[in-house]
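These notes concern the structure reproduced below.
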Amino acid sequence: MTSLKIQNLDVQHGQLKAVRNLSLTVQTGEVVALIGANGAGKTTLLGSIAGVHRATSGSILLNGQDITGIPSHKRVQAGLALVPEGRKLFTEMTIEENLRLGSTSARPGYWTVDNVLEVFPNLIKRRHSKTGLLSGGEQQATAIGRALMSNPEILILDEVSLGLSPLVVNQVYDSLKRLLETDTTIILVEQDLTRAMKVASRAVCMLEGEIILNRQMSEVSREEITDAYFGLHKVKDR
Ligand code: ATP
């Protein structure tokens, strides 16, 4: 079943076209790694899927429903959840309070505070601590848990490893592995190519707002992805 279908999407920041005529289809259960240099348009694309940025033209369909013009909280109800770069937690609130906030526009489903804590056991002891006092890894786990509380069909992760030590990044990705067993579709931005290649089933490389490589991970080499990253791979494949 097709999950997400983006067609001819343009997104502008003022005069700047950050996403250009971009089309992408993501199937249920896929893990798509969005790869590209700084400024390639990855965050803008994720934000436009989640409703943070408005499309200038084009369309975004979730399971056939046109969600292009609807506000972000309605997209959460439709099944999309974004973990933004920088986490954006309420630092004066506890882990548990932040998690409960994630269920405000929730769909019915599996995720409860207890089920999130089962996936992120490092949060159990600190569930009543203010998130501003947590380590980077604990904050990231809380941010992912908060997104899960809406019971998303598609989880969108923007640079979850940013600012974390390699050990903590391993812990975060170990937890994500358990999510993959639940058939959640994941779209993620990950700067560490080795990790992206390990966790994702598909590589989508962006350059200057466009997709220049879109391939099953099993059918693409590290060199091809690196070439696309630096703009050496000129063939467009969608
Ligand atoms: P990074 O890894 O640096 O976050 P990215 O691939 O996610 O890069 P975007 O953040 O989507 O890229 O940025 C795409 C382009 O849009 C860049 O040229 C950036 O400067 C510009 N841009 C992003 N956000 C805004 C904004 N709020 N206002 C104006 N320009 C923006």
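Both ligands and their constituent atoms are indexed starting at 1 by order of listing. Just so it is clear, the model here is predicted, and its values are computed rather than measured. Residue indices begin at 1 and follow the sequence shown.
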- Item | Presence of salt bridge, R195 and E190, under 4.0 angstrom | no
Hits for side chain to side chain donor-acceptor pair (under 3.5 Å) against S165, two or more places apart or cross-chain, chain-then-number order -> none
The reported gap from CD in E118 to OG1 in T112 (rounded to nearest 0.5 angstrom) is 8.5 Å
Sorted by chain and number, sequence neighbours left out, side chain to side chain contact (heavy atoms under 4.5 Å, CB included) with T94 holds for E96, E97
Less than 4.0 Å from some atom of ligand 1, heavy atoms are found in residues H13, L16, A18, A37, N38, G39, A40, G41, K42, T43, T44, E85, E159, Q191
Rounding to 0.5 Å, atoms CE (M197) and CD1 (I225) come to a distance of 4.0 Å
Residue set satisfying ring pair (Phe, Tyr, Trp, His ring centres under 6.0 Å) with H13, at least two apart, ordered chain then number -> H53
